[in-house]
Amino acid sequence: METSTARVNIGDIGFWADRTAVHEAASHGQVLQLKQLIESGACVNVVTVDSITPLHEACLQGQTHCVRLLLAAGAQVDARNIDGSTPLCDACAAGSIECVKLLLEHGAKVNPALFTASPLHEACMSGNSDCVRLMISEGAKLEAHDCHFGTPLHAACAREHVDCVKVLLNAGAKVNAAKLHETALHHAAKVKNVDLIEMLVEFGGNVYARDNQGKKPIDYTRAGSPPLLCLQFYERNPLSLQQLSRVSLRKALGTTGLEVVAQLNIPQRIINYLSYL
């Protein structure tokens, strides 16, 4: 039997099939056509050979209206494709905050059991800081570990999304978390981003950390380059009292540090001194 015409019932996920008209309509934002297909009885949980559902397609393309239609018609909000990714992963990868909100309203899992990138990883790689902020507010694990990317902080630094890095660090992400001994500061040095290097050090990044090749962040910079000069300065000079105060405070108060400091009955100037905003 031709692959394109095969239909095998595999339980509550719906039916296996090649790419269908429902997938096409969802992907291209063809709302009227999708609505007609649903009303004519088309299965919204039909999957391709890669286990991709129409909801995956709509989320990956940021088609909010199609996502709303599919969910209302019973699309499985946490369906997984062949890579194990859920529609929420795809919505975060697309940086579509509206699709993310819709999925969360319909009970999408913020921390699905995955062997690959989590929704928060995807949001960090897409560079949408509002999406990152929303995922964190919904309880996304800051230290979720992916075998390819490491933590969300690693992913954000590798893609040079400075705003996302700042959101993660202010939320309490561990600045010296390591993947194969490689820290976010190693990534910042590799992409030659001075702003990232300075921010990570401000949050307590260890300039002396060595990866599995025995290299420090500075070993990934070029002679005379701004990243090298920046890291040389931090290696040769101790942290300022302000930096030491911030790091100590964050370690003591944990992920809620900024909230706690803001509620203290102390002058705003001291609050600003202790916070990195």
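Counting begins at 1 with the first residue of the sequence.
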Donor-acceptor contact present, side-chain [X] to main-chain [Y], <3.5 Å:
X    : Y    : answer
D211 : Q213 : yes
H28  : A25  : no
D146 : A117 : yes
H186 : A209 : yes
D78  : A108 : no
D50  : I52  : no

Inset, instruction - Applying ring-ring contact (aromatic ring centres under 6.0 Å, His included) between H154 and each of H187, H145, H161, report the one that passes. - result: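 Going through the options one by one, the only one that passes is H187.
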
Heavy-atom check, side chain of [X] versus side chain of [Y], under 4.5 Å:
X    : Y    : answer
S27  : R19  : yes
C66  : V31  : yes
V194 : E198 : yes
L71  : L103 : yes
C92  : M135 : yes
T53  : H56  : yes
L120 : K141 : no

Legend entry - salt bridge (charged side-chain N to carboxylate O under 4.0 Å, His left out) involving K174 - partner list, sequence neighbours excluded: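 Counting only residues at least two positions away or on another chain, K174 forms no salt bridge (charged side-chain N to carboxylate O under 4.0 Å, His left out).
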
Legend entry - Non-neighbouring partners of L32 that pass side-chain contact (heavy atoms from CB on, under 4.5 Å), sequence neighbours left out: Q36

Nearest 0.5 angstrom please: [X] [atom1] to [Y] [atom2], how far?
X    : Y    : atom1 : atom2 : result
L231 : Y208 : CG    : OH    : 10.5 Å
L153 : K179 : CG    : NZ    : 13.0 Å
L88  : C59  : CG    : SG    : 8.0 Å

Legend entry - Side-chain ion pair, E160 and K190, N-O less than 4.0 Å: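 A salt bridge is absent here (no side-chain N lies under 4.0 Å from a carboxylate O).
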
Inset, instruction - Could you tell me whether K216 and E235 make a salt bridge, using a distance below 4.0 angstrom between a side-chain N and a carboxylate O? - result: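 Salt bridge: yes.
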
Legend entry - Among N176, N170, V165, the one residue meeting side-chain contact (heavy atoms from CB on, under 4.5 Å) with F203: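 The single option meeting the side-chain contact (heavy atoms from CB on, under 4.5 Å) with F203 is N170.
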
Inset, instruction - Can you spot which of V201, L185, V162 makes a side-chain contact (heavy atoms from CB on, under 4.5 Å) with L196? - result: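 Considering V201, L185, V162, a side-chain contact (heavy atoms from CB on, under 4.5 Å) with L196 is found only for V162.
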
Between [X] and [Y], is there a shared hydrophobic cluster once you connect ILVMFWY residues whose side-chain heavy atoms come closer than 4.5 Å?
X    : Y    : value
L244 : V207 : yes
V110 : V132 : yes
V77  : I97  : yes

Legend entry - Side-chain donor-acceptor contact under 3.5 Å, N206 with Y234: no

Inset, instruction - Please state whether the rings of H121 and F149 are parallel, tilted or perpendicular, taking 30° and 60° as the class boundaries. - result: tilted

